[in-house]
Each structure stands twice: as structure tokens, then as C-alpha cells.
Amino acid sequence: MDKVARVGIDLAKKVFHVTAVDAEGAVVERKRLRRAGLQSYLAGLPAGCVVAMEACGGAHHWGRLAVRHGHRVLMMSPQFVAPYVKSNKNDVNDADAVAEASARPGMRFVGVKSAGQEHIQQLHRARRMAVRNRVAQSNQIHGFLLEYGIEAPKGAPALLRRLAEVLEDAGNELPHGARALLAELADEVRRLNGRIVHFEAQLRAAAQGLPACRRLMDIPGIGLLTATALLAAVGDAAEFRNGRQLAAWLGLVPRQHSTGGRPRLLGISKRGDRYLRFLLVHGARSALRAAARRSDRRSRWAVRLEERRGTNVATVALANKNARTAWAVLARQADFDANFAAKAA
């Protein structure tokens, strides 16, 4: 055990495979462990040992546990580990690949999230599911009404108002059973509305206790949802060297396809967290509409860009700038300044 310098763990729900190597990369031991056994194994490793694993379900829990035992945790995206799997794919070879990939000098690593960060992310995911279910339920009600020749407006509040009028109208051809069914579906939409409001209230309460989140919300185009999602996903902004790296991590930079010394830039790469990119882009779209009423450097830059390149390009460019500005606010623990951000950009 004293020779172990690096440990690669193939994570699972119940059975884990471990490959331990020394400072030269030679395999010291391979083990097959269950959950309790893996906890004891991490506790018995020499302090300062490198513990490597793929970023997957449960990885952050094991990462926090390893950190508490004094180890250095290196977490990698599974797509970067796959090229190091030799021969057939199995649990033992996966653990070997994790140990080998973590030793590469050019490897990119994922920061270990705290329990608080994961809770905020779970609130966002629960809210997203409630929103999707509300849209699905509303669409079903629209379809049912059309079968009786009744048209309803878009949006849950307008739909519920229209549905109440339809149910009270005795002159339409809705049968009694259909009225009862539509009333029950309307109750489901109201329940989902309540769940969404409840999750947003929890996110608002979490944001009030986080000074960094309040500073992020000062950036035009970044509101409650974007600020909390950014803080939960990024955590320690020092993991990125600059704002450009954060924007690239979110897929807000051009995709490159160059050869023969001829650079060729395409549309944005759309890598990373799709939900976070969605929030940044739609927040930037809202900020762009309000930019014409502002006089700061940042807003004037956005308006000039929209006139020159169009709304969609300007929206994505502003989302990119917001991501870079968010990195500066988090890394430097500074307040947002629209004029400084524009000059720095």
C-alpha cells in the first residue's frame, strides 16, 4: 500500500474495480470492492495519493470522501478516458484506463462539486422536469379541445382561463365525462405550476445566502436561474484560467475545422452544459432588447453589433461576453461594472 501513488476507480452502483499504480505507472494491485470496502480502501491509502475516476453518477460523492481522507481527486469526462481502454471493454480494463488517462499531462479534469452545489443542480433539474410536464399536459389539453372544435391560447395561465370558460359553457358539445377529464387535467397543470413556483422559491432562498450569486445577478442577462445554475456548475472559477476557457467549456465559441495552416471557424461548438447555455443565450436575448434603452459601453457595443451582424449573432456574442464576465466576477470576487467589462472586452 505504501507504494501506491495513483488509484484509478471504475465506479458503479454496487461493485467497484480499482487499479493502483506506483510513481512509475507500474500496476501495484487490482481489487474488486463493494461500497463499504471502497470506503475502507480510500481510508487506508497513504495521504496525498491521487484518486482518479470518471465524472459520472455518484462520482462527486466519492470525490468528496477521498478529499476528506486527504487525497487529491482527478475527475475526467468519460469521453477522454475511452481512448485509453486497451483491448476489450470490461471493468478491469476501465479501471486501468482511468489510472493511465489521469497521468497524461494534457488531460482535462472536472472539479469536485460540494453537496450544496449538487442540491442547487437538483433543484434546477426538478424544475425543468416540472416545466416539461406542464408543457406536455398543456399540449394534451389543447389536442383534446381541438377534437371538439374548441381553440385555446398558448401559455398555461391563458389556457387555464380559457378552459374554465369552456367548462362553464353548457352550449358546446363537450360530454359530461370529457368535462370531468379536462377539469382533472387542469388541476394537474395547476399542481405543476405550484411545483415550479416552489422550486423557484427554494432557488431564491439559496441565492440570498450566496454573495457570489447576488453579484452575478447584477450582470444584464443573468437572473436567478442563470446565476444559481452557473454557481452550481462552475463552483470555483479558478479552475478556468480565464473567461475564454469558461465560454469554450459552455460551447459558446466557434467550432474550428482547420487544416494545412488554413483556419476555418464554423458555428458555435455547443459543447458542455446544454441547459446552462440555453439560459445564457435566452438571458442575452432579453438583455439585447433592453440594450437600446441603456447608455453604458456594454449596451452600445451590443446595439452596434446587432446592427452590423443581426440579432441572433449579437445574442450569442452577448451570451459569450456574459460567460466571460461571470468568470471575472467569480474569480476576482468583484462587483459587475458595465463600462469596465466593455473596455476589457
Side-chain angles (χ1 to χ4, degrees), residues 1-119 121-122 125 232-236 238-241 245 248-249 251 269 271-274:
M1 186 69 75
D2 294 337
K3 296 181 180 180
V4 175
R6 185 181 305 270
V7 173
I9 305 176
D10 178 50
L11 296 177
K13 294 180 180 179
K14 297 180 180 180
V15 179
F16 306 81
H17 284 77
V18 174
T19 296
V21 300
D22 60 17
E24 303 299 325
V27 175
V28 176
E29 62 180 359
R30 293 187 176 94
K31 284 183 175 292
R32 181 179 182 272
L33 304 169
R34 290 191 171 270
R35 297 187 71 89
L38 181 58
Q39 294 182 31
S40 301
Y41 185 82
L42 291 174
L45 288 174
C49 181
V50 174
V51 177
M53 62 190 78
E54 293 178 324
C56 57
H60 294 284
H61 161 72
W62 293 108
R64 291 191 296 269
L65 182 62
V67 169
R68 286 198 292 269
H69 287 303
H71 306 314
R72 181 188 173 202
V73 176
L74 298 180
M75 203 177 299
M76 300 159 289
S77 174
Q79 65 181 349
F80 295 148
V81 177
Y84 295 93
V85 177
K86 297 181 178 64
S87 187
N88 299 313
K89 183 189 181 306
N90 53 54
D91 294 339
V92 175
N93 288 343
D94 285 348
D96 289 353
V98 169
E100 183 174 348
S102 64
R104 300 302 94 199
M107 183 56 63
R108 301 172 185 175
F109 300 105
V110 178
V112 179
K113 287 182 173 58
S114 66
Q117 285 178 269
E118 290 200 295
H119 172 62
Q121 281 195 326
Q122 289 162 3
R125 288 168 182 164
V234 175
D236 184 9
E239 295 174 2
F240 301 91
R241 288 188 297 176
Q245 281 196 352
W249 180 68
S269 65
R271 295 175 179 171
D273 192 327
R274 181 179 180 181

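This is a predicted model, so every value here is computed, not measured.
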Inset, instruction - Before giving the answer on salt bridge (Lys or Arg N to Asp or Glu O under 4.0 Å), spell out for Asp94 and Lys89 the whole-Å C-alpha distance, their side-chain angles and the decisive distance to 0.1 Å. - result: CA-CA 7 Å; Asp94 285 348; Lys89 183 189 181 306; 2.8 Å; yes

Inset, instruction - Measure the NZ-CD distance between Lys86 and Glu100 for me, rounded to the nearest 0.5 Å. - result: 3.5 Å

Legend entry - Approximate separation, where rounding is to 0.5 Å, of Asp91 CG and Ile9 CD1: 13.0 Å

Inset, instruction - Decide yes or no for Val15 and Arg34: does some side-chain heavy atom of the first lie under 4.5 Å from some side-chain heavy atom of the second? - result: yes

Legend entry - Donor-acceptor pair between Ser77 and Arg108 side chains, under 3.5 angstrom: no

Inset, instruction - Any chance you could measure Leu33, atom CG, to Asp10, atom CG, to the nearest 0.5 Å? - result: 11.5 Å

Inset, instruction - Identify the heavy atoms of Val21 and Ala99 that sit nearest to each other, and give their distance. - result: CG1-CB, 4.5 Å

Inset, instruction - Verify, without hydrogens or angle tests, whether His71 (side chain) and Leu42 (backbone) share a donor-acceptor contact under 3.5 angstrom. - result: yes

Legend entry - Shortest non-hydrogen separation from Gln117 to Val112 and the atoms involved: OE1-O, 4.4 Å

Legend entry - Over all atoms of both residues, closest heavy-atom pair of Val7 and Val4: CG2-CG1, 3.5 Å

Legend entry - Full working for side chain to side chain contact (heavy atoms under 4.5 Å, CB included) between Glu54 and Val98: CA-CA 7 Å; Glu54 293 178 324; Val98 169; 4.0 Å; yes

Legend entry - Residue pair Met75 / Trp62, side-chain heavy-atom distance below 4.5 Å: no

Legend entry - Heavy-atom closest contact (Arg64 atom, Lys113 atom, distance): NH1-O, 2.8 Å

Legend entry - Check: Phe16 main-chain N/O paired with Arg32 side-chain donor or acceptor under 3.5 Å: no

Inset, instruction - Give the minimum heavy-atom separation between Leu74 and Ser102, together with the two atoms involved. - result: CD1-O, 3.8 Å

Legend entry - Parallel, tilted or perpendicular: rings of Trp249 and Phe240 (30°, 60°): tilted

Legend entry - Heavy-atom check, side chain of Met107 versus side chain of Tyr84, under 4.5 Å: yes

Inset, instruction - Determine the minimum heavy-atom distance between Ala23 and Ala5, stating which atoms define it. - result: N-CB, 3.6 Å

Legend entry - side chain to side chain contact (heavy atoms under 4.5 Å, CB included) evaluation trace for Arg30 with Asp96: CA-CA 9 Å; Arg30 293 187 176 94; Asp96 289 353; 3.1 Å; yes

Legend entry - Under 3.5 Å donor-acceptor, Asn93 side chain and Asn88 backbone: yes

